[in-house]
There are 2 protein chains.
Amino acid sequence: MSLQHALLGVLEARPMNGYELTRFFEAAPRWVWSAPQSQIYPTLRQMEQAGLIEGQKEVRGTRLSRTVYSITERGLAELRTWLATPHPPPPARDAFFLQALFFDMIEPDRAASVLKAFIAEQEQLVAEWRAHREALLAKETDLIKERLKSRPAAEHDRIAALKAHVFAGQIAVATARAEWARESLRLLEA
Amino acid sequence: MSLQHALLGVLEARPMNGYELTRFFEAAPRWVWSAPQSQIYPTLRQMEQAGLIEGQKEVRGTRLSRTVYSITERGLAELRTWLATPHPPPPARDAFFLQALFFDMIEPDRAASVLKAFIAEQEQLVAEWRAHREALLAKETDLIKERLKSRPAAEHDRIAALKAHVFAGQIAVATARAEWARESLRLLEA
């Protein structure tokens, strides 16, 4: 289950409580993985039971207490094993391509409207990922700042470049999708 | 829920029973949408209750009976409305980019192995989609043959071209992903 691995990867940068993790996912809806609060808390409890993370109650004032989770040795080993294993491709489930497959059932100008909205949306995603990529290359995101604290300085550039490159991948995919949609518009008009 | 729309789109080509629909999805795991049998039967029941499809019991011999589902006017209207509506992008959930994001935590040669497996997998997908695209252009898949029976002959080429183009889109995305993975390999070696 990938949310577990996303959480392990984030917690490897620094311990966080459920509220901070929820905020992290909310603030980055276009990161590589998204998760609503309703999934995060139960997943944290399962991961704690499995020994992948460790919760520590933090008492604040007289009544408030929050559980701060940190990754355990076992969690780190699980994450590293998952990272080093090739996984089969997920089942094909592309709602937009599904929609496009039946465009012959609606009028061409209605299909064209959907395609134009899709192009705008992909361009918006590209802009967001481009900004995130730049921030990573500049080592300016909160997460990379935390993470680099535990890494040798000589590796900082390489780590930032590797992470930034993932967003170059998301940009390449969204660009390919937008270009495909532009070709579809030409095909509809033909 | 996109499975409903996938089923409506398939049933628009011709009425089918649950077994045939399950076989269709099993035979096309790299189509635009995939679904296991465990999802198909309950979804068909929900769709029948909602009046989107209509089941007709087909008695075969003295004991066997199968329910053949066909799309209703209401189902057709629902499908057309969905097709003509721009939908927001789904939440970002790309397990492979998530994996790649943490490649700095494993040895470069282990990350390289995962990337090479990914490239091979994307190339395999490209080959499958290319074959499917050719079959659509030649109007040779079972589904397009059924579908074209209810369409004017003058539109056959256009319909086949539109559908084939969807798989050109899947090919473009997989090609962009494979190319990105090749760049990642170069980055890991640097």
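In what follows, chains carry the letters A, B, and so on, assigned in the order in which the sequence lines appear, proteins first and then strands, with residues in each chain numbered from 1. Everything numeric in this text was worked out from a predicted model, so none of it was measured.
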In terms of heavy-atom proximity below 4.5 Å to chain A, should [X] be classed as side chain, backbone, both, or neither?
{"X": "B:A111", "value": "neither"}
{"X": "B:F118", "value": "neither"}
{"X": "B:E107", "value": "neither"}
{"X": "B:L162", "value": "both"}
{"X": "B:E183", "value": "both"}

Under 4.5 Å heavy-atom distance to chain B, tell me which part of [X] shows up: side chain, backbone, both or neither.
{"X": "A:P90", "result": "backbone"}
{"X": "A:T85", "result": "backbone"}
{"X": "A:L76", "result": "side chain"}
{"X": "A:E155", "result": "neither"}
{"X": "A:L115", "result": "neither"}
{"X": "A:F96", "result": "neither"}
{"X": "A:E121", "result": "side chain"}

Testing the basics here: between [X] and [Y], what is the closest heavy-atom pair and its distance to 0.1 Å?
{"X": "A:L83", "Y": "B:M105", "result": "CD1-CB, 4.0 Å"}
{"X": "A:L98", "Y": "B:W33", "result": "CD2-CE3, 4.2 Å"}
{"X": "A:W31", "Y": "B:A92", "result": "O-CB, 3.0 Å"}
{"X": "A:A172", "Y": "B:A176", "result": "O-CB, 4.0 Å"}

Looking at A:R110, A:Q124, A:R151, A:K163, which makes the most heavy-atom pairs under 4.5 Å with chain B?
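Maximum pair count with chain B is reached by A:K163.
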